[in-house]
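Have a look at the structure below before the remarks.
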Amino acid sequence: MEGQEVGEGKTKLIDESGKRLDGRKWDELRPISIQVGLMKNADGSAYIEWGKNKIMAAVYGPKEVHPKHQVLPDRALLRCRYHMAPFSVDERKNPAPSRREIEISKVIREALVPAVIVEDYPRTAIEVWVEVLQSDGGSRVAGITAASLALADAGINMRDLVVGCSCGIINNQVVADLDDTEDKEGSGDMPVAIMPNLGLVSLLQVDGIYSREQFQKAFELAIAKGKQVNALQRAALNTRFFGGEAKTTQVEEVAE
Amino acid sequence: MEGQEVGEGKTKLIDESGKRLDGRKWDELRPISIQVGLMKNADGSAYIEWGKNKIMAAVYGPKEVHPKHQVLPDRALLRCRYHMAPFSVDERKNPAPSRREIEISKVIREALVPAVIVEDYPRTAIEVWVEVLQSDGGSRVAGITAASLALADAGINMRDLVVGCSCGIINNQVVADLDDTEDKEGSGDMPVAIMPNLGLVSLLQVDGIYSREQFQKAFELAIAKGKQVNALQRAALNTRFFGGEAKTTQVEEVAE
Amino acid sequence: MEGQEVGEGKTKLIDESGKRLDGRKWDELRPISIQVGLMKNADGSAYIEWGKNKIMAAVYGPKEVHPKHQVLPDRALLRCRYHMAPFSVDERKNPAPSRREIEISKVIREALVPAVIVEDYPRTAIEVWVEVLQSDGGSRVAGITAASLALADAGINMRDLVVGCSCGIINNQVVADLDDTEDKEGSGDMPVAIMPNLGLVSLLQVDGIYSREQFQKAFELAIAKGKQVNALQRAALNTRFFGGEAKTTQVEEVAE
Amino acid sequence: MSMKKNYVVETIRKAQMVQLLASGKRVDGRSLDQHRELKIETGVIPKANGSARVFLGNTQVIAGVKIATGTPFPDTPDKGILMVNAEILPLSSPYAEAGPPSEDAIELARVVDRGIRESKMVDLGKLNLVSGKSVIAIFVDCNVMNVDGNLFDATSYAVVAALRTAKMKKYVIKDEKAEATNELIQVPVEKTPVSLTFARIGDKVVVDPGAEEEASMDMRITITTEDGGNVCASQKGEASTITPAQVLQAADTSIRVGKAIRAKIIEATK
Amino acid sequence: MSMKKNYVVETIRKAQMVQLLASGKRVDGRSLDQHRELKIETGVIPKANGSARVFLGNTQVIAGVKIATGTPFPDTPDKGILMVNAEILPLSSPYAEAGPPSEDAIELARVVDRGIRESKMVDLGKLNLVSGKSVIAIFVDCNVMNVDGNLFDATSYAVVAALRTAKMKKYVIKDEKAEATNELIQVPVEKTPVSLTFARIGDKVVVDPGAEEEASMDMRITITTEDGGNVCASQKGEASTITPAQVLQAADTSIRVGKAIRAKIIEATK
Amino acid sequence: MSMKKNYVVETIRKAQMVQLLASGKRVDGRSLDQHRELKIETGVIPKANGSARVFLGNTQVIAGVKIATGTPFPDTPDKGILMVNAEILPLSSPYAEAGPPSEDAIELARVVDRGIRESKMVDLGKLNLVSGKSVIAIFVDCNVMNVDGNLFDATSYAVVAALRTAKMKKYVIKDEKAEATNELIQVPVEKTPVSLTFARIGDKVVVDPGAEEEASMDMRITITTEDGGNVCASQKGEASTITPAQVLQAADTSIRVGKAIRAKIIEATK
């Protein structure tokens, strides 16, 4: 039968009662806290802690395009760099961009552009810098989540926020929001980014083996969890622009 | 006496009856087949199989010059890259251009330019890409042979075709058209490219030790063999532009 | 007490009578010879031998600035490269610029600019190339000493020459002009460059541990020794422009 | 390939294409879920340990396999190494450039690699020689020879066909050292992953976009499936979006169409 | 940071600043030898072996320590390895750029490294495991997060604080091989070097220049002192000069002010 | 060196030069097969294992030899390593640029290397220490100090003179390991290859072109001969052609003139 022999089964990542190694339920997010506007020089910024991920996103622009031949006459050029600090992972990472970082920079850019009203800023550049200070599983979706807030903080016109969550498979079971161990020992990782109000998917990558049913379950779970994280995004923007305590919002506080 | 102690003598590359390892006579070419115009996007192209060499040459242009400061006001800028696919040689080759590839790109360019009426295309670029898919001895002359056909296929005005052949020395004997083993185990390799109708030499490189007589013999043999290959070039162009079977021409079919 | 435990004391670099390994006194310079104007193509040049250092400095300019966006509208752009030949040191050096060479190029540039009347050459570039053919201790100050002569030789308007000397600490004692062994085995190196007529310091770098007193003593010694080397600079310029024997001046000939 | 677009022409062209698609037609007459003719030649580079040339319409890719011994990665001491690289040759298109791999070429190689790797096509455990010291390393290099849209699928098929026909030396282990024998054996291939790429143009999703369709497409998505009908890799591309329903429909199409393509690849690499 | 300057505005701005300094005042109200508020947080990157975030005014730097075993340099076979790197992140300033380290970032890393190394802060001899074969290698990477002047001091304090709080595995040597134990021990820190950077604007020298002051400064000098009150490193920067008297006065100030900063760093890293 | 040419001036200049050559004269008064004054100084870099400075007219090149032990290439396990590199220093000419080696510098190094290597000047078999494990590696780096035409010959002479005077440590083999002794021995030099470079300007071929001649030349050809009067390397350069008869005549001239230059090099490196 199709899909039956899927899964690696080596490490016990989820127990009989459905508890994962860190105590979470199958569909439970790690703790998330978001702060908008911490960086002084950037035109916009957001800092996210998501599980052990610690990621700073900052935006500069709209600004002049250099070199000039890259100018887009009818819209803004959005540049994006996803970069991992050398100390962000277990083994020190060479600071030069790896092929993985180059690919992720591209998919993050392509996930963000649809949300930005680039037609409002012809002939300019908007730069999005995502710096992973500490990496856990799901750093690209956490980075996108922070980056779209940084764009909003910079006052860039947007159609919607972009928010992401990664779901996947551990011990042949669909779970939400894989951490580092689950990503490495599990059998599948599916980062998804959505524009939650428009109901559109702007990033989708899939690793691992999913039956058709698992594929749909993981995908729909990622969208649902993305919407949950979007509530945190909105709370963080609210704190930034309409005051209230600057304390970090925890995922537990959010009604689904 | 001069020239006497020349030769390595370790491997027996040619036997008493004058037969080489692959059965060829001292002055015999390997099988050659040429097809012009296979590539769909390129403005011109030619594919050559010469012994075990498999080489694709393609031409783009005349086109705009970027960056602009490289524009030549009175003629076309001819760019050339000779590149070996990572799988083209016994040990996987790093895809980044080696010093050898950079040098060969230069001498190929300098071998082709004299045949191109560059004055007819001022302020433009003509790009010649030579990709070695499988490499045997003599890949640079095979590449030139294909590249000049690709230029002709692109409709670039030319004074003559350019055609090459490499001769050399094995077991202290001058032979034509060294293959990989003869190139490595032999004691000399002399790639020569000519403009056959004009009787001019546009590429000459020499490796190995040649007495004055051997030098002349190898050099003149290379020119004679180049003329033989030129007949194949013309046949391939004929097939391309005036129909007839598209079947590959073999060297055996050609009258010397 | 402060400063007391300073010094490495492993190698005996200076004996009881105050003699250093090469026989010099604590405040004695190595032999220095300077020749101005040897290079044919450069607009200005100077060659210095200082101990075992052999350094050629050459200047091109004022010339057009490429790329244009680097143009300074009100003054010249001074470029500087300090480079070590692969054979200049004990172990062959990779010819690509190291981080050390990049830093030294920067501090040399910043040491020379104050002496050049850059306002006299707006929108131009002045290039200073310092090539270390053989390296001993103190190559950067020797390079600056030669480079400022090359600028003068090129006829560039200057406020003053720039001249350097490196002092430091060996066996907890301040000495002048460390050679390679003293630099490596000693406990401190302090290269200083000055504009001698204006009494200004244009380069200062410090390595090693100095008590407040040692710091001042080494610093003031470096300035005094720089002035001594400046006499050699002036003699070399004199030889270049007003004839006299082209023989190399030795430090011993110079009155302090 | 990021093409330099002439915005006016592109806009008109796209409007025409959207109109055509609204009536269920594509510029080259295909149905929405129909891929172009697929031709697979194997053994095209005899010096390689395995090779294939794939034509997908006028898109042409050559993949070559080189096999050597190497040191395993520290975190997988008893697994062989599999690396997929791709170069979009400057001769393949007027928009390709010489130089270090572009962002596009890096994405191409990584997405193709992911499909192969995640399907567990090659049993890396069988490439172990001496744990922690010596393993078999398989390099697959892809030369894109002509660009006419959908490099992802063409490159993937070329890699799969090259690996399916690749042969490697058999090794014997003596005193903790791997010694090559003269015997040639198949690379341990367990699965035949099939990549299928879709383009959304306006609100229509088509399979295997050609170059003209790519020039007008809003979004690209690749879904790779394996023999069991499972999804093993996916990648959405281009700076636009896809609806959740379109994703699920693409998965269904990929599983269905993938079966036919898999049969074709297996047939061509017997 | 080489900022693109608007010459007219810069000239006016600098003239105002020189006038203000003539009356002993700085743009932000500080006295000439007063540094900005220094905040040190440690343990900010738990995955690193040691880490610190330093705020010096609005300048922000994060340093992370990674410790591994390595092969010693041939000329120091029984000494461990200490490497300091710095990246001025593009998110830190409108003038910073992505790409390989700029001349400014290289100078920054090398000057900070020099202060740490020359002070003998870390006893490299204690990082030896098997002479000539295996030593402990300490990498300190610095991310400049926000640029508001005086990166030299902020980065130096971050490195010192990260090293002072760094922990490494204890190793035991068996049969000429180093084996890691589960015990964590402190990095062998012997000294606490303190960097102090001055800017000359006109003829006045100020401590810890902010970004506005740096935009107007003629010359920069950094002097690092260690616990014994000795000078252990210095670097003059920018294309201008300093008088000998100013150098000596800066040394005195560095020794004096350095003591207070050292106490603060030690307090923050207990 | 690819010089930025002023086309009008160049054209006039070349026409004059062709006219002059028609009457058998060169701009600097030399005969067609006469090379410029050759000066060779050896031992100019005492820290190198061998070195030479060569002046060919105003062209100046310094070559330095560094010798170390290394691992042999897999396909020549019992042969030493010889590498020739060249840098055309930015101080050598207004047209030279700083940065990674240009196409011109790479061709220069490779052509000089070829002449040395193919003549079997250095007996690489005598540089073997422990087969497959350890050999002597000789690096020759060339600094072009001043460009005044014909870098090929000047660089080649500098390399040959540096190698002829280079000394290396004697090694003894103990237990499959090479140990350096304090004894210094000559590098095993067997031949003295001599490079001779010709320029064709119009239909005249001249030896050892100066910078002005190179600016007007159509074609360049280098022919290297060894002691036995044999040709061991050649390279045609520039985007033009040569007739077969000119090639053969150049070979004859190279053999003839090469003898005199060889004697001069041997004399200078005794």
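Chain identifiers are assigned alphabetically (A, B, ...) following the order of the sequence lines, protein sequences preceding nucleic acid strands; residue numbering begins at 1 within each chain.
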Give a yes or no on this: more than 12 heavy atoms of other residues, nucleotides or ligands lie within 6.0 Å of atom NZ of F:K14.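 Count over threshold, so yes.
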What do you reckon, is NZ of F:K133 surrounded by more than 12 foreign heavy atoms closer than 6.0 Å?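 Not buried by this count: 12 neighbours or fewer within 6.0 Å.
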Could you check F:V231, F:N230, F:L248 and say which one makes a side-chain contact (heavy atoms from CB on, under 4.5 Å) with B:R212?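 Running side-chain contact (heavy atoms from CB on, under 4.5 Å) over F:V231, F:N230, F:L248 with B:R212 returns exactly one hit, F:L248.
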Could you tell me which residues in [range] have at least one non-hydrogen atom under 4.5 Å from a non-hydrogen atom of chain F, sorted by residue number?
| range | value |
| --- | --- |
| residues 215-223 of chain B | B:F215, B:Q216, B:F219, B:E220, B:I223 |
| residues 67-92 of chain B | B:L72, B:P73, B:D74, B:R75 |
| residues 194-202 of chain B | B:M195, B:G199, B:L200, B:V201, B:S202 |

Counterpart residues, side chain to side chain contact (heavy atoms under 4.5 Å, CB included), relative to B:D183 (two or more places apart):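 B:D183 satisfies side chain to side chain contact (heavy atoms under 4.5 Å, CB included) with B:D189 once adjacent residues are dropped.
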Between B:V107 and F:Q235, is a side chain to side chain contact (heavy atoms under 4.5 Å, CB included) present by the stated rule, with each step listed? CA-CA 9 Å; B:V107 295; F:Q235 177 96 341; 3.4 Å; yes
Could you walk me through whether B:R109 and F:E238 pass the salt bridge (Lys or Arg N to Asp or Glu O under 4.0 Å) test, one step at a time? CA-CA 9 Å; B:R109 184 184 74 232; F:E238 299 298 311; over 6 Å; no
Tell me whether B:K106 is salt-bridged to F:E103, with the criterion being a basic N under 4.0 Å from an acidic carboxylate O.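 No.
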Would you name the heavy atoms of [X] and [Y] that are closest together and state the gap between them?
| X | Y | answer |
| --- | --- | --- |
| B:P114 | F:S240 | CG-CA, 3.6 Å |
| B:R99 | F:R110 | O-CD, 3.7 Å |
| F:S119 | B:I209 | O-CD1, 4.2 Å |

For F:I221 and B:L204, what are the C-alpha separation, side-chain angles and deciding distance, and is it a side chain to side chain contact (heavy atoms under 4.5 Å, CB included)? CA-CA 8 Å; F:I221 186 168; B:L204 172 64; 3.7 Å; yes
Going through the distances and angles, do F:R114 and B:Q205 end up as a side chain to side chain contact (heavy atoms under 4.5 Å, CB included)? CA-CA 10 Å; F:R114 204 172 294 152; B:Q205 297 184 290; 3.5 Å; yes
F:A251, F:A239, F:A109: which one forms the most heavy-atom pairs within less than 4.5 Å of chain B?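 Of F:A251, F:A239, F:A109, F:A239 has the most heavy-atom pairs under 4.5 Å with chain B.
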What is the distance from atom CG of B:D160 to atom OG1 of F:T241, rounded to the nearest 0.5 Å?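 It is 10.5 Å, given to the nearest 0.5 Å.
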Strictly distance-based, threshold 3.5 Å: is any side-chain N or O of F:E118 a donor or acceptor partner for the main-chain N or O of B:G208?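 Yes, the answer is positive, given that a donor and an acceptor are paired below the 3.5 Å cut-off.
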